[in-house]
Amino acid sequence: MADTSFKDIAYVGKAGSGVFKLADDKLGWKCTDRNASEFARQVQFTSSDLIAAEWQHSCGGSKCLLKLSMKGDASLTRFAGFQTSDLHRIQDFFQTKYKIQVKEQPVSAKGWSWGDYKLQGDSSLCMMHGENLGVELDIPELSQVAAVGKGDLNLEFQNEDAEEDEEVLSGIRFFIPGGSNGEGIGTSAEKLRADLQRLANLSATGETLANISDVSIVAPRGKHDLEFYAQALKVRGKTQTYTIKYSSIVRLFLLQMPNNKQHLLVLGLSVPLRQGNQSHPLIGMMFDTSSMVQMETQVPKDAWEATPNLKCDRSQVTKGLPEEPTYQVVVLLLKALTKQTCFQPAEALKAKHPESQHAVSCAFGTESGHLFFFLKSMIWVQKPIKWFKYSDIASIELKETPMRKTTFDMIVTHRGTQVEFRQLDRKLYEVVSTFLSQNDEAGSKLVKKELVQQTASGIRQTRGAATRRGTAEAGGDNAVDDGYNEDEDEDFDEDDDEDEDDEDDDEDDDEDEDEGPRKKKLRQR
């Protein structure tokens, strides 16, 4: 049998259309749309990885969809845009070459928002309307599964491969009553949550490698307990529990706060942590420097030995002491389990800082916080945590304002948007300017200090000249300085002025009315 191909087929989840092709030992799709992105323009699978195939009349306009179940990471793949008449060709080819039967799945078109849930193997969560499919969700794409209350289940999806212009499903919430007529009879939201977490490898199963209590987190705000497992970190709060895969932790930053009593550990996530409508790509964990961990009980040796296929050893997270600083243990745990490097602020700025600090105090929006400088980026804390790579910055302007003698501002143009950090101490102007100018990536983007000072001086000269010119015009050579300072002037309420003017007008009208009879009497006399 010759190769079989189908045109104008879309790879579900990717932009553009292309050609879907079946061969004896492989199958795949290639994008033919020139306007489509370069991302994922071609996918290919070997026929030996094919497990199952399903046909759905679900694309509208007599178009159909082919769902393939594969081995490995690409467990579910969908191709849409087939004609109804293509079914027999595909069924014959799959049966002859791959020994796979293409099953037809009826799809519900009623538009119902309720139904019975069904777990289809380890790959799909389906909401069924009788025998018809209503909603189908891919379990491997889940990033968070949280039970909210007794009956609500909140699902969040990871969209790491999504392009900027793509529309993707990021979250959905189900209400699960006490029972139903289908597979979910007697099921609670907690039970379904546990099943989905297990199938999506989000469940923190096995031995607890470490348990750290009462950790203050900047966002989501509050005290949380950290439970470290072999594949994921569980963040347990009073109302919600979050599960973070180690594979989604892509950055680690350790910051010593200016009070020298606390350390802030910042986690950068490829899949942001969601709390309602808020998304948190950066999580900050605050630790007291004096807080200690009892290594024997909180990082038990037996748990590490009982965990199979662990890619790190307990010796990587301990120095052999009975007690060790909490922030240090957590950093070593995350470094060992995520295989990521933990970065600290640049020592060059600390060396020039008059108080030997890694950060400068400033305000961002309405919040006050601290700005930390690294060799290739900078981070503003505390809430919200902001991270800026120098490579993504177009310009950095240190702006002095003549009105303020003790502070200056720093304006950063980041990806086309201006971000302003206000009220930096004027004593640190030279420290910040020197550090940025000597940095390999930020130096070329810094507005020169001499230009800023010249601009500020020019403003002072212009204002001084304008004041002298105005005074000369008003009084000439006899003009007298009355001590008026326009900078200390206060705005008056215009409404009060209008009321006073109205009262003056009323008094004038009354005087005019009284003056009329008086003139008549004088004439009579």
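Fair warning: this is a prediction, and the values are worked out from it, not measured in the lab.
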Over 12 foreign heavy atoms within 6.0 Å of NZ, K339: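 Enclosed: over 12 neighbouring heavy atoms sit under 6.0 Å from NZ of K339.
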
Is the backbone N or O of [Y] less than 3.5 Å from a side-chain atom of [X], with the two atoms forming a donor-acceptor pair by type?
| X | Y | answer |
| --- | --- | --- |
| Q298 | N211 | yes |
| W55 | C64 | no |
| Y327 | M285 | no |
| D138 | P140 | no |
| S5 | K21 | no |
| D392 | K389 | no |
| T32 | S17 | yes |
| R314 | V299 | yes |
| T326 | S291 | yes |
| K445 | I393 | yes |

Nearest heavy-atom pair of [X] and [Y]: which atoms, and what distance?
| X | Y | answer |
| --- | --- | --- |
| F93 | A23 | CE2-O, 3.5 Å |
| L133 | Q105 | N-NE2, 3.8 Å |
| S444 | E441 | OG-O, 4.0 Å |
| A189 | L153 | O-CD1, 3.7 Å |
| D409 | Q423 | OD1-N, 3.2 Å |
| D24 | Y98 | O-CE2, 3.5 Å |

Quick one: do L337 and L233 satisfy side-chain contact (heavy atoms from CB on, under 4.5 Å)? Show the steps, please. CA-CA 10 Å; L337 294 169; L233 167 66; over 6 Å; no

How many angstroms lie between atom [atom1] of [X] and atom [atom2] of [Y], to the nearest 0.5 angstrom?
| X | Y | atom1 | atom2 | result |
| --- | --- | --- | --- | --- |
| I172 | E156 | CD1 | CD | 10.5 Å |
| S395 | I411 | OG | CD1 | 8.5 Å |
| L199 | L142 | CG | CG | 9.5 Å |
| I396 | M378 | CD1 | CE | 4.0 Å |
| I217 | M286 | CD1 | CE | 11.5 Å |
| S368 | R422 | OG | CZ | 10.0 Å |

What I want to find out is whether R236 reaches D225 closely enough, with some N-O distance under 4.0 Å, to be called a salt bridge. no

Any Lys/Arg nitrogen of K386 or E367 sitting under 4.0 Å from an Asp/Glu carboxylate oxygen of the other?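 A salt bridge is absent here (no side-chain N lies under 4.0 Å from a carboxylate O).
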
Applying side chain to side chain contact (heavy atoms under 4.5 Å, CB included) between L252 and each of T338, V266, T341, report the one that passes. T338

L349, V381, L264, V360 screened by side chain to side chain contact (heavy atoms under 4.5 Å, CB included) with F372, the one that passes: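 Of the listed options, the one satisfying the test is V381.
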
Could you tell me if the side chain of [Y] sits less than 4.5 Å from the side chain of [X], heavy atoms only?
| X | Y | answer |
| --- | --- | --- |
| H358 | Q344 | no |
| F174 | L192 | no |
| M128 | S108 | no |
| K63 | Q83 | yes |
| V107 | N132 | no |
| L334 | L265 | yes |
| I249 | L269 | yes |
| C362 | W380 | yes |

With F374, which of F435, F343, F253, F388 fulfils ring pair (Phe, Tyr, Trp, His ring centres under 6.0 Å)? F253

Flag for E227-T208: side-chain donor and acceptor within less than 3.5 Å: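 Absent: no donor and acceptor within the cut-off.
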
Pair T77-K67, side-chain donor/acceptor within less than 3.5 Å: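 Not at all, the side chains of T77 and K67 share no donor-acceptor pair under 3.5 Å.
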
Applying side-chain contact (heavy atoms from CB on, under 4.5 Å), run through F20 and L66 and close with a yes or a no. CA-CA 11 Å; F20 179 75; L66 178 65; 4.0 Å; yes

Just do the side-chain hydrogen bond (donor to acceptor under 3.5 Å, both in side chains) check on E54 and Q56 with the steps written out, would you? CA-CA 7 Å; E54 188 176 282; Q56 299 175 6; 2.7 Å; yes

Please assess L375 against Y390 for the test side-chain contact (heavy atoms from CB on, under 4.5 Å), listing each intermediate value before the final yes or no. CA-CA 9 Å; L375 293 178; Y390 296 146; 6.0 Å; no

For D313 and W304, run side-chain contact (heavy atoms from CB on, under 4.5 Å): C-alpha distance rounded to whole Å, both residues' side-chain angles, the deciding distance at 0.1 Å, then the answer. CA-CA 7 Å; D313 189 76; W304 288 75; 5.9 Å; no

